Amino acid sequence: KRFALVFEQTYTRFLDLQKAEMQAREALIEAGLERVRSRTMSMQKSDELAETAAEVFRQLISLGIDPNRLYIGIIKGETGDMEMWATDEDGTQVGHKFMFNKNENASVLKLYDGWKAKKKSVIVDMQGKELEDYFHYLNNVMHIPFKDGLTQKRRVQSVAYFSKGFIGMASPDGQGNETIQLIERFAAVFNLTYTRFHDLQIAEAQTHKANIEVALERVRARALAMQQPEELVEVAEVLRHEMGLLGVEELETSSIYIHDENSEKAECWYAITDIRMPKKKLIADHITIALPETCVGREMLAFYNSNKKQISIPMQGTNRREWIEYCSKVSTKLGGFYGETIPDRTYHLYKFSNGAIAAATPGNISAESWELLQRTASVFSLAYSRFKDLTQARFDLQQLKTEKQRAEEALTELQVTQKQLIQSEKMASLGELTAGIAHEIQNPLNFVNNFSEVSKELLDEMKTELDNGNMIDAKDIANDVIQNLEKINHHGKRADAIVKGMLQHSQKSTGQNESTDINALCDEYLRLAYYGLRAKDKSFNATLKTDFDESIGKINIIPQDMGRVILNLINNAFYAANEKQKAESLKLKAGGKEYEPTISVSTKNNGGNIEIIVADNGNGISQKIVDKIFQPFFTTKPTGSGTGLGLSLSYDIVKAHGGEIKVETKEGEGSEFIIVLPINNQS
């Protein structure tokens, strides 16, 4: 009884110690959980999840759990894919990361079903055939090593779940409730870890997306900044640099190919990391590749001609060496780049409108890298458009320079020809005047000659009368001689005026206005033109009509220039009338009505304007060509009969005088050309 009383104190001490131990154990557990929380909150990148998992494993082991292996699984939704981190068999460090799928093994399916059913924890006790299948799956499919291999007879998976996965341990025997509860508590804390992991993944994805956009914008900006097609090699450098920053797996070379469908050639702008340099600088160049000449090139050609959008071309052994040797031959910058050992590579190409973006890496690339190539190809369609525009602009500029040179040469030749034609036109009109001038000058010359002979005879008579002392008769004869001399003087001046007019017509215009009797000018050129035509064609006769407004007086014009205009219009009128007379003479033989050519020249003072009208009753001008008659070199006369410059020059001369020249015509009845000069030219 006394010992029982003493043991009462012992039991009280036992309970106190037990409580203290439980509190200490709870403190250790909370400390472990806090370390996991702390490691979770310090995560900066999503790939630190493995390190956080290792911290969970360390805390569980420090709390007395002695597993063969600890693991954490992230379940990827309804597909049943599981991303796993596992320790080695001692449970001390994370040694493996691998992927499971619920449909690949029955034991793995049990883990998935427990999560799907939202259980807090499950125990999967594997023995016999199930264990054998599980080990076979891990060894042969997942390549996870085991110390004991298939000698184990039992393996128990103790798993506690959180929202997106589970924490588990594997051991030869089952675990007590305390261990299961401990794993459940760590699973609850790891739910926070996963949330942090998921947030980091989202942030990293957004950052990566932003980096991709920045990289693509840099490529786009460099492409748009191109001023010369050769700058495309710099775009390739920017492309290589940006793709490297974005993490295309082990990227060695990036290239831009533009395919020429007609020649089976491709132009290539490439940038490659120079592995020979300590800082790995980029080598960039532009080369032309004949695709059929190498095995790799032929595969690229087949790709261009197919409907495929992307392709990976392995370059190994002989084919790889052939490709590098060919590229080194067409690019001086690649000689001796690899030395004797040329590593295998895989060429990844993605098409754009007229070529492809390419990346060379040691092996395959991820779907994300393919997407990056695709987006880069889309961006490069813009760069290609810029390249094509610059190439076309250069071609157009060269063509423009060539055409400009040709135009300048043609203009020089045209100016020379035009001067010759103008001179020919002037000489032609002068030639037409020659006969008229000869006719006009012949009359005064005849008078001069006749009166000279008569005067000589009269002087002989006067001498006789003087000798006879007959002074009255001698004075009468002297008066006759004086009259004859006055007539000789008059007709001499007339001949002199005609010669001066001819010289004025043949001389270059002084460009100075002179006070000119426009009526006298018109009358003189009408008669000169008529007699000139008559000298060439004796059968031609025409009625000449004049109606000059005497109120006009003298006006300020350049007489040589305006004389050429009037002469040209009168000549054209005579030509039209003569052509119609020839046609009408044939009709007359057939009983037609007789035609009388009539040319009229008139002037008119309208108060505001002075008009000079030259009219004919010829065939008139067709309405189809009436708008063209003042164009240079346009003529309706037969080849060799006119230069087509007469009306054009007349138009320019009248415009230079501040006036205008108009035409009124009716087919079959005749034409009327009207020169209108402003009144301020009147003196």
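None of the values given here were measured: they were computed from a predicted structure.
Under the 30°/60° scheme for interplanar angles, the aromatic rings of Phe630 and Tyr651 are found to be tilted.
Residues Asp616 and Tyr575 bring no donor and acceptor atom of their side chains to less than 3.5 Å of each other.
The SG atom of Cys522 sits 8.5 Å away from the CD1 atom of Ile552 when rounded to the nearest 0.5 Å. Between the CG atom of Leu349 and the OH atom of Tyr304 there is a distance of 6.0 Å, given to the nearest 0.5 Å. For the atom pair Asp547 CG and Ser600 OG, the distance stands at 8.5 Å (nearest 0.5 Å). Rounded to the nearest 0.5 Å, atoms CD1 (Ile653) and CD1 (Ile661) are 9.5 Å apart. Atom OG1 of Thr603 sits about 7.5 Å away from atom CD of Glu550, to the nearest 0.5 Å. Here CG of Asn609 is found 11.5 Å from CD1 of Ile674. Values are rounded to the nearest 0.5 Å.
Looking only at side-chain heavy atoms (C-beta outward), Leu567 and Arg564 stay at 4.5 Å or farther from each other. For the pair Gln483/Asp480, a side-chain contact is recorded, criterion being any heavy-atom separation below 4.5 Å from C-beta on. Proximity of Ile557 to Asp561: side-chain heavy atoms (C-beta onward) are nowhere separated by under 4.5 Å. Looking at heavy atoms from C-beta onward, Leu647 lies in side-chain contact with Asn568 at the 4.5 angstrom threshold. At least one side-chain heavy atom of Ser452 sits under 4.5 Å from a side-chain heavy atom of Ile488. Looking at Tyr257 and Leu291, their side chains never come closer than 4.5 Å, going by heavy atoms from C-beta outward. With a 4.5 Å cut-off on side-chain heavy atoms, Val296 and Tyr326 do not count as touching. The side-chain heavy atoms of Tyr530 and Asn541, taken from C-beta on, include a pair separated by under 4.5 Å.
Closest heavy-atom contact between Lys351 and Ser306: NZ-O, 2.6 Å. Residues His259 and Lys265 approach most closely at CD2-O, 3.4 Å, considering heavy atoms. Nearest heavy-atom pair, Asp549 versus Asn519, reported as atom, atom and distance to 0.1 Å: O-ND2, 3.2 Å. Summarising the geometry of Phe548 relative to Val601, their closest heavy-atom pair is CE2-O, 3.7 Å, with the distance given to 0.1 Å. Across all non-hydrogen atoms, the minimal contact from Asp285 to Ser331 is OD2-OG, 2.6 Å. Pairing each heavy atom of Arg298 with each of Pro292, the nearest pair is NH1-O, 2.9 Å.
Ion pairing of Asp467 with Lys463 is absent here, as no side-chain N (NZ or NE/NH1/NH2) approaches a carboxylate O to less than 4.0 Å. Between Lys582 and Glu579, at least one side-chain N (NZ, or NE/NH1/NH2) sits under 4.0 Å from a carboxylate O, which counts as a salt bridge.
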Open item on the list: Walk me through whether Ile518 and Thr516 qualify under side-chain contact (heavy atoms from CB on, under 4.5 Å).
Closed with: CA-CA 6 Å; Ile518 194 67; Thr516 305; 5.5 Å; no
TODO: Start with the C-alpha gap between Lys655 and Asp652, add the side-chain angles, then the distance that decides, and say whether salt bridge (Lys or Arg N to Asp or Glu O under 4.0 Å) holds.
DONE: CA-CA 5 Å; Lys655 280 290 182 183; Asp652 292 340; over 6 Å; no
TODO: Tell me, with the steps shown, if Leu544 and Thr546 meet side-chain contact (heavy atoms from CB on, under 4.5 Å).
DONE: CA-CA 7 Å; Leu544 305 182; Thr546 58; 5.8 Å; no
TODO: Could you walk me through whether Asn305 and Leu301 pass the side-chain contact (heavy atoms from CB on, under 4.5 Å) test, one step at a time?
DONE: CA-CA 6 Å; Asn305 294 329; Leu301 183 59; 3.8 Å; yes
Task: Intermediate values then yes/no, side-chain contact (heavy atoms from CB on, under 4.5 Å), Glu267 and Asp260 - done: CA-CA 8 Å; Glu267 285 192 81; Asp260 185 353; over 6 Å; no
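The number of heavy-atom neighbours closer than 6.0 Å to CD of Glu672, taken from other residues, nucleotides and ligands shown, is above 12.
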Distance-only donor-acceptor pairs under 3.5 Å for side chains of residues 469-476, two or more places apart:
residue	atom	partner	partner atom	Å
Asn470	ND2	Glu465	OE1	2.9
Asn470	ND2	Asp473	OD2	2.3

